[in-house]
Amino acid sequence: MRILAVSDIESKSLYDFFSPEKVEGVELIIGCGDLREEYLEFLVTMMNVPLLYIHGNHDDHFKREPEGCVCIDDKFYEYKGIRFVGLGGSFRYRDGKYMYTEGEMKRRIFKLMPKLLFHKGFDVLVTHCPARHLNDFDTITHRGFDCFNRLLEKYKPKLFMHGHIHRNYGARIPQKSDHNGTLVINASDYCIFDIDI
């Protein structure tokens, strides 16, 4: 399956200079947070493929949920036999609707456990914030969650997508990497990739 992952930065290439050739073959769009409703609606309209999304730490500006898109935040969601888990938001560094402590994120995961047990795990983890020590920083604003590491270790999904860490923050921030057999995608701006699930 060819996937377009987007997060944090509205790509001029996709928005201002959209052409079907740039996204040829894409079957699914995943939004990893901090994008305006209008941008997500534009992508789903122009590409005419499903768009699944979670919220970023700055998404408390949403006046409404984007039309034609499916929010998978705090959900187990299945699409074409692929099992998704969505956990939006970032580490709490100030008051905000989509900011969480480590304990709060653990409780969100705990609420999903019955579905994960029933479905024998999941294939794709979609978050806004990265996992701790996996594309994150030590600063509280860009720190990852330890509990995401436990999810990755226990269920070994094929794919982990996150945003929040803009790749222009440093030269060594990868867009794609491997973590114990899980493909990790930093969706900041956008990334098109193929995966066999």
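Counting heavy-atom neighbours within 6.0 Å of Asp16 CG, excluding the residue itself, gives a total above 12.
A donor-acceptor pair under 3.5 Å is absent between the side-chain atoms of Ser11 and the main chain of Asp189, judged by distance alone. A donor-acceptor pair under 3.5 Å links the side-chain atoms of Asn149 to the main chain of Arg132, judged by distance alone. No donor-acceptor distance shorter than 3.5 angstrom exists from the side chain of Asn48 to the backbone of Thr45, with no hydrogens or angles considered. Between the Lys22 side chain and the Ser13 main chain, a donor and an acceptor come within less than 3.5 Å of each other. In this structure a side-chain-to-backbone donor-acceptor pair under 3.5 Å is present from Glu102 to Cys147. Checking side-chain atoms of Lys75 against main-chain N and O of Cys71 turns up a donor-acceptor pair under 3.5 Å. Looking at Arg2, its side chain never comes within 3.5 Å of a backbone N or O of Val23 through a donor-acceptor pair.
The salt bridge (charged side-chain N to carboxylate O under 4.0 Å, His left out) test applied to Arg143 returns no partner, not counting sequence neighbours.
Using a 4.0 Å cut-off between charged side-chain N and carboxylate O, Glu104 and Arg92 make a salt bridge. Using a 4.0 Å cut-off between charged side-chain N and carboxylate O, Arg108 and Asp74 make a salt bridge. A salt bridge does not link Lys156 with Asp123: every distance from a Lys NZ or Arg NE/NH1/NH2 to an Asp or Glu carboxylate oxygen is 4.0 Å or more.
Side-chain atoms of Leu183 and Phe193, non-hydrogen and from C-beta on, do get closer than 4.5 Å to each other. By the 4.5 Å heavy-atom criterion applied to side chains, Ile82 and Leu159 are not counted as neighbours. Using a 4.5 Å heavy-atom threshold, the side chains of Ile54 and Thr127 count as separate. Considering only heavy atoms from C-beta on, Val70 stays 4.5 Å or farther from Tyr79 through its side chain. No side-chain heavy atom of Leu28 sits less than 4.5 Å from a side-chain heavy atom of Val49. In this structure, the side chains of Val124 and Ile195 stay at 4.5 Å or more apart for every pair of heavy atoms. Counting heavy atoms from C-beta outward, Ile109 and Leu87 have side chains that approach closer than 4.5 Å. The closest side-chain heavy-atom distance from Leu151 to Leu116 is below 4.5 Å.
Of the listed residues (His55, His128, His166), just one forms a side chain to side chain donor-acceptor pair (under 3.5 Å) with Asp34, and that residue is His128.
Residues Met105 and Met113 share a hydrophobic cluster, clusters being chains of Ile/Leu/Val/Met/Phe/Trp/Tyr side chains in contact below 4.5 Å. The same ILVMFWY cluster, assembled from side-chain heavy atoms under 4.5 Å apart, contains both Met161 and Tyr77. Residues Leu112 and Phe145 fall within the same hydrophobic cluster, defined by Ile, Leu, Val, Met, Phe, Trp and Tyr side chains chained together at heavy-atom separations under 4.5 Å. If you chain together hydrophobic residues whose side chains sit under 4.5 Å apart, Ile3 and Phe84 fall into the same group. Both Leu35 and Ile192 belong to a single network of hydrophobic side chains, linked directly or stepwise wherever heavy atoms of I, L, V, M, F, W or Y lie under 4.5 Å apart.
Of all heavy-atom pairs between Ala131 and Phe148, the closest is CB-CB, 3.8 Å. For the pair Ser7 and Gly163, the tightest heavy-atom approach, listed with the atom from each and the gap, is OG-CA, 3.2 Å. Closest heavy-atom contact between Val26 and Met47: CG1-CE, 3.5 Å. Heavy atoms only, all atoms of each residue included: Ile165 and Ser188 are closest at O-CB, 3.6 Å. Pro66 approaches Tyr53 most closely through the heavy-atom pair CD-OH, 3.2 Å.
Rounding to the nearest 0.5 angstrom, the gap separating the OG1 atom in Thr101 from the CZ atom in Phe91 is 7.0 Å. To the nearest 0.5 Å, atom CZ of residue Arg94 and atom CD1 of residue Ile140 are 13.0 Å apart. With rounding to the nearest 0.5 angstrom, the CG atom of Leu52 is 4.5 Å from the CD1 atom of Ile30. Distance check, rounded to the nearest 0.5 Å: SG of Cys129 to CG of Asp136 gives 7.0 Å. Atoms CG and NE2, on Leu152 and His179 in that order, are 5.5 Å from each other to the nearest 0.5 Å. One distance of note links CG of Leu40 with CD1 of Ile29; it measures 8.5 Å at 0.5 Å rounding.
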### Audit row: Asn186, His162, side chain to side chain contact (heavy atoms under 4.5 Å, CB included) steps and yes/no
CA-CA 5 Å; Asn186 179 350; His162 70 83; 3.7 Å; yes
### Query
Should Phe118 and Phe76 be marked as a side chain to side chain contact (heavy atoms under 4.5 Å, CB included) after you check the CA-CA gap, both sets of side-chain angles, and the distance that decides it?
CA-CA 11 Å; Phe118 180 78; Phe76 176 96; over 6 Å; no
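Taking the six-membered ring where the residue is Trp, Phe122 and Tyr155 present tilted rings, their angle falling between 30° and 60°.
Sorted by first and then second residue, the pairs that involve residues 53-71 and meet salt bridge (charged side-chain N to carboxylate O under 4.0 Å, His left out), not counting sequence neighbours, are Glu41-Arg64.
Aromatic ring centres of His142 and His164: separated by under 6.0 Å. You'll find the ring centres of Tyr15 and Phe42 inside the 6.0 Å limit.
Asp73 and Tyr98 are not linked by any side-chain donor-acceptor pair at a separation below 3.5 angstrom, with hydrogens and angles left out of the test.
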